[in-house]
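Letters go in sequence order (proteins before strands), and every chain restarts at 1.
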Protein chains: 2
Amino acid sequence: MSEKRTDPRILRTRKFIMDSFIELSSKKEFKDITVKDITTEAMINRATFYYHFDDIYDLLEKVLSEELLINLDCSIYEKNKLDEVAFTEIFKATTNFQMSLSNRCHRGYEDTIARIIRDQLEVIFFKMLLNHHPSENDEALKLMATMMSWGIYGASVEWRRTNEKIPPEEFIKTVIPYLKNAIKS
Amino acid sequence: MSEKRTDPRILRTRKFIMDSFIELSSKKEFKDITVKDITTEAMINRATFYYHFDDIYDLLEKVLSEELLINLDCSIYEKNKLDEVAFTEIFKATTNFQMSLSNRCHRGYEDTIARIIRDQLEVIFFKMLLNHHPSENDEALKLMATMMSWGIYGASVEWRRTNEKIPPEEFIKTVIPYLKNAIKS
DNA sequence: ATAAATATGTTGGATATCCAACATATCCAA
DNA sequence: TTGGATATGTTGGATATCCAACATATTTAT
């Protein structure tokens, strides 16, 4: 439907910036990365950075969001059904994402990262709940989505605390019946 | 002296184009490479290609020239003296260049490549001869440079024909005394 | 031989990027 | 604390790149 071509310069530059940021993140902590570092690595002008992103936090947010979304199988969105498969996939995506993050060590910024992940999860859950209960009022669904995002994120933290001994799908399996009950009409 | 900053966009795009061309050259013959191929690989617009180069032959010429120059040790230019060291280095650069070329197989365009190499060598020799014999008339020096470029190039072809059994510096060693005699005042 | 398809160059207007300069903000050593 | 250095954002004008459209070649298939 809404077919809007985006200028290839924009895609290119955005990618350069994001890739440079990811590259730098593997070398030093987030707090030591400056906008100048990024633009130098990306071979672009500093002003151009601000053409694409508000600031370095905005960049971080977008990098993390996009990467989390990549982890999420698109098929979930297609059917838009909040069943056990969807729960499992979302949890797996979250743990996957956390594992890839820990390799790249954005040290000193964990809480912000956590917030971004939860925000993303909340958006996903809200969309799906909306699909499940079209007649329910938005406030209730919104709060439900919030709680589910915190819950899933908390579970992934707990999973990581156990040193990833159990596969994510096993780990989350036991509580899925409760989740399913929770969203029953 | 003449310090003129060149726009980083130009350096970047030129490099993308040249690198893409080199990359493509390793995959298919020169005659099968189109401008579209190059610009697609380089992620730039086709019109932008023509902003930097007249056509694909101009690109080839510039890629080869720059690469030949990279092979030539800058120290030769610094002293600008046409002694046995210079002859040896220039010959080594030529053979090096030919070897790297044969790996990338610009098949179907060998004669043009040969011409480009000779042109480059001629320029170098002319500069050096001019330095050696400032009073001599340019026509004579120009012709001398032409003959030396053909000679050196021919020697490198001959060297290649012997399957590179002898190191280039050994190969050229025996004729250097004659070359030195030839340019005596 | 003819037509259709693809490649080559060129152009004018739109837009992304560059640059230098500026005002603030933050950091860190004297 | 103070001052110098460095980082952050912002702006206006200059320039490189994009794009669509065009006219010609060149290639390919029938």
Side-chain angles (χ1 to χ4, degrees), chain A residues 2-25 27-64 66 106-109 111-112 116, chain B residues 2-25 27-64 66 106-109 111-112 116:
Chain A
S2 63
E3 305 242 2
K4 48 172 177 178
R5 290 267 189 88
T6 53
D7 195 308
R9 285 174 288 185
I10 291 193
L11 299 174
R12 221 171 37 212
T13 303
R14 265 182 70 97
K15 185 166 188 336
F16 284 154
I17 293 175
M18 288 181 154
D19 287 350
S20 301
F21 175 65
I22 290 173
E23 171 67 16
L24 285 173
S25 292
K27 289 188 193 145
K28 49 176 156 178
E29 306 186 23
F30 176 79
K31 71 177 177 52
D32 293 330
I33 298 175
T34 75
V35 174
K36 186 93 186 48
D37 292 337
I38 296 169
T39 57
T40 301
E41 170 95 13
M43 294 186 301
I44 56 138
N45 193 278
R46 201 165 56 84
T48 305
F49 174 91
Y50 293 103
Y51 182 87
H52 291 268
F53 303 96
D54 296 335
D55 51 34
I56 203 173
Y57 304 101
D58 184 39
L59 168 62
L60 174 67
E61 186 144 349
K62 280 165 178 160
V63 166
L64 296 186
E66 291 196 8
H106 289 264
R107 272 172 301 174
Y109 213 59
D111 47 350
T112 303
I116 293 170
Chain B
S2 63
E3 306 242 2
K4 49 172 176 179
R5 289 270 189 91
T6 53
D7 195 309
R9 284 173 288 184
I10 292 194
L11 299 173
R12 218 171 39 209
T13 303
R14 265 182 70 97
K15 185 166 189 333
F16 283 154
I17 293 175
M18 288 181 152
D19 287 351
S20 300
F21 175 65
I22 291 173
E23 172 66 17
L24 285 174
S25 293
K27 289 188 193 146
K28 48 175 155 179
E29 305 187 24
F30 175 80
K31 70 174 177 53
D32 293 329
I33 298 174
T34 75
V35 174
K36 187 92 186 48
D37 292 338
I38 296 168
T39 57
T40 301
E41 171 94 14
M43 294 185 301
I44 56 138
N45 193 276
R46 201 164 57 86
T48 305
F49 175 92
Y50 293 103
Y51 182 88
H52 290 268
F53 303 97
D54 297 334
D55 50 34
I56 203 172
Y57 304 102
D58 183 41
L59 169 62
L60 174 67
E61 187 144 349
K62 280 166 178 160
V63 166
L64 295 186
E66 291 196 8
H106 290 264
R107 272 172 301 174
Y109 214 61
D111 47 350
T112 301
I116 294 170

Pick base, sugar-phosphate or nothing for Arg12(A), based on heavy-atom distances below 4.0 Å to the nucleic acid.
sugar-phosphate
Is Thr48(B) near enough to dA16(D) that one of its side-chain N or O atoms lies under 4.0 angstrom from OP1 or OP2?
no
Rounded to whole Å, CG of Asn45(B) lies from C1' of dA21(D) at a distance of 12 Å
For nucleotides 5-14 of chain C, print each protein N/O atom paired with a nucleotide N/O atom at under 3.5 Å, atom names and distance only.
unit_1: dT8(C); atom_1: OP2; unit_2: Val35(B); atom_2: N; d: 3.2
unit_1: dG9(C); atom_1: N7; unit_2: Arg46(B); atom_2: NH1; d: 3.0
unit_1: dG9(C); atom_1: O6; unit_2: Arg46(B); atom_2: NH2; d: 3.1

Review item, side-chain donor-acceptor pairs of residues 11-21 of chain A, under 3.5 Å, at least two apart:
unit_1: Arg12(A); atom_1: NH1; unit_2: Met43(B); atom_2: O; d: 2.4
unit_1: Thr13(A); atom_1: OG1; unit_2: Arg9(A); atom_2: O; d: 2.9
unit_1: Arg14(A); atom_1: NH2; unit_2: Glu66(A); atom_2: OE2; d: 2.8
unit_1: Lys15(A); atom_1: NZ; unit_2: Asp19(A); atom_2: OD2; d: 2.5
unit_1: Ser20(A); atom_1: OG; unit_2: Phe16(A); atom_2: O; d: 2.6
unit_1: Ser20(A); atom_1: OG; unit_2: Ala42(A); atom_2: N; d: 3.3

Show which side-chain atoms of residues 44-53 of chain A pair as donor or acceptor with protein atoms under 3.5 Å away, not counting sequence neighbours.
unit_1: Asn45(A); atom_1: OD1; unit_2: Ala47(A); atom_2: N; d: 2.9

Rounded to the nearest 0.5 Å, how far does NZ of Lys28(B) lie from OG1 of Thr34(B)?
6.5 Å
According to the Watson-Crick and G-U wobble definition with distances under 3.5 Å, which dot-bracket string, read 5' to 3', encodes DNA chain C, using [ ] for crossing pairs and | for pairs with another strand?
||||||||||||||||||||||||||||||
Expressed as a whole number of angstroms, how long is the span from Ile17(A):CD1 to dT17(C):C1'?
11 Å
Below 4.0 angstrom from OP1 or OP2 of dA16(D), is there any side-chain N or O of His52(B)?
no
Distance check, rounded to the nearest 0.5 Å: Ile56(B) atom CD1 versus Glu61(B) atom CD?
13.0 Å
How far does CD of Glu23(A) sit from CD1 of Ile33(A), to the nearest 0.5 angstrom?
10.0 Å
OP1 or OP2 of dT17(D) under 4.0 Å from side-chain N/O of Tyr51(B):
no
Expected rows: protein N/O vs nucleotides 27-29 of chain C N/O, under 3.5 Å:
none

Suppose we screen for side chain to side chain contact (heavy atoms under 4.5 Å, CB included). Which residues come up paired with Thr40(B), at least two apart in sequence or across chains?
Lys36(B)
Could you give the distance from CG (Leu24(A)) to CD1 (Ile38(A)), rounded to the nearest 0.5 Å?
6.5 Å
